[in-house]
Amino acid sequence: MTVQDRTLHNFNILGFQQDLLSWYEANKRDLPWRKDQDPYKVWVSEIMLQQTKVDTVIPYFHNFLEKFPTVYDLAAAEEQEVLKAWEGLGYYSRARNLQHAVREVVEQYNGQVPDNSKDLEQLKGIGSYTKGAILSIAFNKPVPAVDGNVMRVFSRLLNIDDDIAQQKTKKLFEQIIHEVISHEDPSSFNQAIMDLGATVCTPKSPSCLFCPVQEHCQAFALGIEDKLPVKAKAKKNKTISYHVLQIRNENGEVAIEKRSKDGLLANLWQFPMIPVKELNGSPVEEWFYNQYGLRIKMGKKQGQLKHVFSHITWELEVHPAQLIVEDGTNHSLCFVPVEELSSYPFPVSHQKMMQYL
DNA sequence: AACGCGGGGTC
DNA sequence: GACCCAGCGTT
């Protein structure tokens, strides 16, 4: 059974393309990365837009392009500079992978973003969606760019109830778009689906009465648009408690450290964090000495905050502390003046704690 | 195939 | 609270 047999047997492809594209021509959003088709700008915007709303991305996009106008500027930058420009945007591996890939483009492709699938998909951070987005938007090639929007729109259009959280469902939609995409204007086609998904065919309360492709939509005809798409529930979020120390030395400088190069918030900076679970009732000062080899005296709690990630919740209790002896031995802490903190990339949770300094 | 990976907005 | 968002890399 082919994709066409299962889903497209009664779908008016040419009529759909025409209705979609003429709606897009009249209603497309005015977005900063749509001013030209510079592949580098398209690339940066697509990485920023992964799991991130347009309104959040816009100021970051402007700032990033101002700091790193070309692949050469980004390739030459310090990673910490790039992370600083990404600070607050989340999913920081996107920034590190983007710079890694841009350096490869400079070295292997003479600074030209590849215009073919084979080369694009082996660049770090470019998966199936981003590859399709770059090829279609920047190079006008008829390649599917299937994201959450596309799966939502087409699950409703074609009444497909496969779980969109599954990998194989994304492949099904890529086959469908392969059949349906406009070869006349693939760039507008892919962007039109995204605009439609963002502004009309929304996750909740879609505006079917104003939908330019309503007459092509099976879910609307059946009155089941609010039942689609089907998506498996996410795993439950776990809570971890920490004491966070804002340690001053005799010069009033404050202690920060760089996080691991792997895992959560990789390579960002933070105030030292003590997992409450590891204390087992023993004093923080003792745990800290065993871990860092430095004597400190902890002060009274200054405040607390809760920070929710997609898969973890941090419960943070903020304490001031004083360094007793600077022994000059190896430890991972840097003592820096408070006014210099703004030059380091910090997670949002630690930015919020700076009010207690 | 499942999981780790941010942060903000909406209802 | 739960859910969503122009997903990807690792295991």
Side-chain angles (χ1 to χ4, degrees), chain A residues 28-29 31-34 41-61 83 86-98 100-101 120-134 136-138 144-153 163-171 173-174 177 187 189-199 201-206 226 229-239 259-268 306-314 345-352:
Chain A
K28 61 182 160 196
R29 291 177 290 175
L31 300 173
W33 45 89
R34 286 182 176 171
K41 292 184 199 167
V42 172
W43 184 4
V44 170
S45 72
E46 290 300 339
I47 300 297
M48 287 187 169
L49 285 161
Q50 288 170 9
Q51 299 298 102
T52 311
K53 288 207 154 72
V54 164
D55 289 343
T56 304
V57 166
I58 288 174
Y60 283 91
F61 180 81
L83 287 173
W86 212 270
E87 185 184 58
L89 198 53
Y91 286 143
Y92 298 94
S93 67
R94 292 184 295 176
R96 294 185 297 126
N97 289 340
L98 173 62
H100 183 94
L120 269 180
E121 67 194 1
Q122 53 105 20
L123 293 172
K124 266 267 199 300
I126 298 188
S128 169
Y129 164 77
T130 306
K131 176 189 74 176
I134 293 173
S136 60
I137 298 171
V146 173
D147 66 345
N149 277 317
V150 175
M151 290 196 280
R152 182 173 60 256
V153 170
D163 176 9
I164 65 167
Q166 306 236 319
Q167 285 275 340
K168 64 180 178 184
T169 305
K170 182 171 182 174
K171 291 187 175 143
F173 282 106
E174 285 173 343
I177 301 300
S187 167
F189 182 92
N190 279 343
Q191 295 184 83
I193 299 293
M194 296 175 208
D195 275 24
L196 189 70
T199 65
C201 195
T202 48
K204 290 178 182 165
S205 316
D226 59 338
V230 172
K231 189 176 181 184
K233 286 195 192 310
K235 237 183 51 174
K236 258 191 63 181
N237 180 317
K238 266 176 35 181
T239 298
R259 291 179 61 88
S260 151
K261 67 177 178 48
D262 306 298
L264 183 64
L265 304 167
N267 284 356
L268 272 68
K306 181 184 282 207
H307 191 81
V308 181
F309 300 95
S310 44
H311 56 306
I312 299 172
T313 297
W314 279 357
F346 282 90
V348 166
S349 51
H350 284 253
Q351 291 177 50
K352 288 179 180 164

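Everything numeric in this text was worked out from a predicted model, so none of it was measured. Chain identifiers are assigned alphabetically (A, B, ...) following the order of the sequence lines, protein sequences preceding nucleic acid strands; residue numbering begins at 1 within each chain.
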Distance below 4.0 Å between Thr130(A) side-chain N/O and dC8(C) OP1 or OP2: yes
Sugar-phosphate only, base, or nothing, as touched by Phe309(A) at under 4.0 Å among non-hydrogen atoms: sugar-phosphate
Gln50(A) backbone acceptor or donor facing Thr52(A) side chain under 3.5 Å: yes
Upstream residue (5' side of DNA chain C) when Ala234(A) and Glu121(A) are each assigned their closest nucleotide: Ala234(A)
Check: Arg34(A)/Ser187(A) side-chain N/O donor and acceptor closer than 3.5 Å: no
Atom pair distance, as rounded to whole Å: NZ in Lys261(A) and C1' in dG9(C): 14 Å
Interatomic distance, Lys131(A) NZ vs dG9(C) C1' [rounded to whole Å]: 16 Å
Base dA6(C) paired with Arg29(A) side chain (donor-acceptor, <3.5 Å): yes
dT10(B) versus dA6(C) - spacing of their P atoms, nearest Å: 13 Å
Any side-chain donor near an acceptor of the partner, Tyr92(A) and Glu87(A), under 3.5 Å: no
Donor-acceptor pair between Thr313(A) and Asn237(A) side chains, under 3.5 angstrom: yes
Sugar-phosphate only, base, or nothing, as touched by Ser205(A) at under 4.0 Å among non-hydrogen atoms: nothing
P-based separation of dG6(B) from dT10(C) [nearest Å]: 14 Å
Partner of Phe61(A) by ring pair (Phe, Tyr, Trp, His ring centres under 6.0 Å), out of Trp43(A), Trp33(A), Trp86(A): Trp33(A)
Touch class at under 4.0 angstrom, heavy-atom based, for Ser45(A) against every strand present: nothing
For chain A, the stretch of DNA chain B it reaches, first to last nucleotide, under 4.0 Å of its heavy atoms: dA2(B) to dG8(B)
Sugar-phosphate only, base, or nothing, as touched by Thr56(A) at under 4.0 Å among non-hydrogen atoms: nothing
Sugar-phosphate only, base, or nothing, as touched by Gly88(A) at under 4.0 Å among non-hydrogen atoms: sugar-phosphate
Whole-Å distance separating the CZ atom of Arg96(A) from the C1' atom of dG9(C): 11 Å
Between Ser128(A) and Glu121(A): side-chain donor-acceptor atoms closer than 3.5 Å: no
Salt bridge flag under 4.0 Å for residues Arg29(A) and Asp195(A): yes
dA6(C) phosphate, OP1 or OP2, under 4.0 Å from Gln50(A) side-chain N/O: no
